[in-house]
Every structure is written in C-alpha cells, then in structure tokens.
Amino acid sequence: MKIAATYENGQIFQHFGHSEQFKLYTIEDGSIVHSEVVGTNGSGHGALAGFLKDLGVQALICGGIGSGAITALKGAGIQVFGGVSGNADAAAEQLAKGQLAFNPNVKCDHHEHHHDGAQHDCGAHGCGHSSCS
C-alpha cells in the first residue's frame, strides 16, 4: 500500500490545497518499507488528486482539507485521513498499524481568521488553526 502525507519540515502540513511537498510511504505487512519526499511542481488544489493518483497513492494523511478536494480524492480512489497534526513519520507508522487517530468529518471551512487580532490567510503557511479540522 502506498500512502502520502502533506509535508513540511517533518510535520503534517495543515492545508492540503497549498501543499508543496508530500512524503510518500510504502507499507507492507504493517510496516513502512520505503519513504521519500516529492514536490508538487506547483500543482495545487484540483490537480493534487490526479498528482497523487498518478503516484499510486491509496491513502492520504493531512490536516485541513476542503470538501471539493475530498470529493476529488475519493473519485481518484484515495482514502482521506484528515484532521491529523504532528510528526508525519509517526502518523504514517500509526496508519500502517491501523491506529491512526483522525477526523472522518474533517473540513477546511476557513480562508481567513484572526491571530492575536491580526487577520490573514493561513493557506500560505498552514498554521493549523482549529477551524481547519
């Protein structure tokens, strides 16, 4: 089985549509046997489902993700494990063992929110704000 995780600096990147990298994991008998980081080459939002499908990905671990992306991924035959944060390798290991805690109702419903009184768009940095869960 091949799984992908949205990826930035070893962590699960929190905005699927703005992911610049994915870490791919090959799972056999409940263990990771190979992993590699791949860049998206500028692909974003709608193109990412096809990008992952072309890589043979069967499951995705991510933070926040919109309903359109979930629909596209499911249409590509990719199972979505959303609402995950923290270390990407640890999450992949948990998924390999069937122990990954995730949110089956994940949805990203924000494009702007406030941090300490300042309004901005989190998509640029994947801040992991709780409204994207």
Side-chain angles (χ1 to χ4, degrees):
M1 174 180 198
K2 188 178 273 189
I3 62 175
T6 54
Y7 191 77
E8 183 178 63
N9 298 321
Q11 302 295 304
I12 302 290
F13 184 66
Q14 292 300 301
H15 194 296
F16 171 77
H18 289 260
S19 296
E20 293 181 10
Q21 295 181 321
F22 288 94
K23 189 157 186 184
L24 304 178
Y25 302 88
T26 302
I27 309 296
E28 292 178 8
D29 299 321
S31 297
I32 297 171
V33 296
H34 178 73
S35 66
E36 66 181 306
V37 176
V38 297
T40 62
N41 298 321
S43 297
H45 285 96
L48 290 175
F51 173 81
L52 293 173
K53 181 179 180 178
D54 290 346
L55 291 171
V57 170
Q58 298 160 296
L60 169 72
I61 301 170
C62 64
I65 186 169
S67 60
I70 291 171
T71 299
L73 288 161
K74 287 182 179 178
I78 299 171
Q79 186 175 6
V80 177
F81 294 88
V84 179
S85 61
N87 184 279
D89 291 348
E93 288 174 16
Q94 291 171 345
L95 180 58
K97 294 176 182 174
Q99 301 171 344
L100 180 64
F102 69 100
N103 180 353
N105 299 311
V106 68
K107 67 181 172 120
C108 190
D109 58 6
H110 80 284
H111 286 100
E112 294 182 3
H113 65 260
H114 299 273
H115 283 279
D116 301 324
Q119 186 173 2
H120 72 282
D121 179 355
C122 281
H125 65 83
C127 71
H129 187 271
S130 63
S131 69
C132 199
S133 58

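With values rounded to the nearest 0.5 angstrom, Cys62 atom SG is found 7.0 Å from Ile70 atom CD1. Separation of atoms CD (Gln79) and NZ (Lys74) is listed at 9.0 Å; rounding is to 0.5 Å. Here the straight-line distance linking atom CD of Glu8 with atom CD of Gln21 works out to 8.0 Å at 0.5 Å rounding. Taken from CD in Gln94 to CG in Asp89, the straight-line distance is 11.0 Å, to the nearest 0.5 Å. Going from atom CG of Asn87 over to atom CD of Glu93 covers 8.0 Å, rounded to the nearest 0.5 Å. Distance check, rounded to the nearest 0.5 Å: OG1 of Thr71 to CD1 of Ile65 gives 9.5 Å.
Tyr7 and Ile12 fall into different hydrophobic clusters, defined by Ile, Leu, Val, Met, Phe, Trp and Tyr side-chain heavy atoms under 4.5 Å apart, directly or through other members. With hydrophobic clusters built from ILVMFWY side chains whose heavy atoms lie under 4.5 angstrom apart, Ile32 shares a cluster with Met1.
Ring pair Phe102/Phe81 is perpendicular by interplanar angle, where above 60° counts as perpendicular and below 30° as parallel.
Residues Val38 and Phe51 meet the side-chain proximity criterion, which asks for heavy atoms closer than 4.5 Å.
Considering every non-hydrogen atom in both Ala76 and Ala49, the closest pair reads CB-O, 4.2 Å. Minimum interatomic distance between Ala91 and Val84 (heavy atoms only, all atoms of both residues): CB-CG1, 4.1 Å. When all heavy atoms are compared, the tightest approach of Ala5 to Tyr25 is CB-CE1, 4.1 Å.
Counting only distance, with no hydrogens or angles, the side chain of Glu20 and the backbone of Asn41 share no donor-acceptor pair below 3.5 Å. Proximity of a side-chain donor or acceptor of Lys2 to a complementary backbone N or O of Leu55 within less than 3.5 Å is detected.
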message: For a side-chain contact (heavy atoms from CB on, under 4.5 Å) check, start with the C-alpha distance between Val80 and Phe16, then their side-chain angles and the critical distance, and finish with the verdict.
response: CA-CA 11 Å; Val80 177; Phe16 171 77; over 6 Å; no
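Between Ile3 and the options Leu60, Ile61, Val57, a side-chain contact (heavy atoms from CB on, under 4.5 Å) holds for only Ile61.
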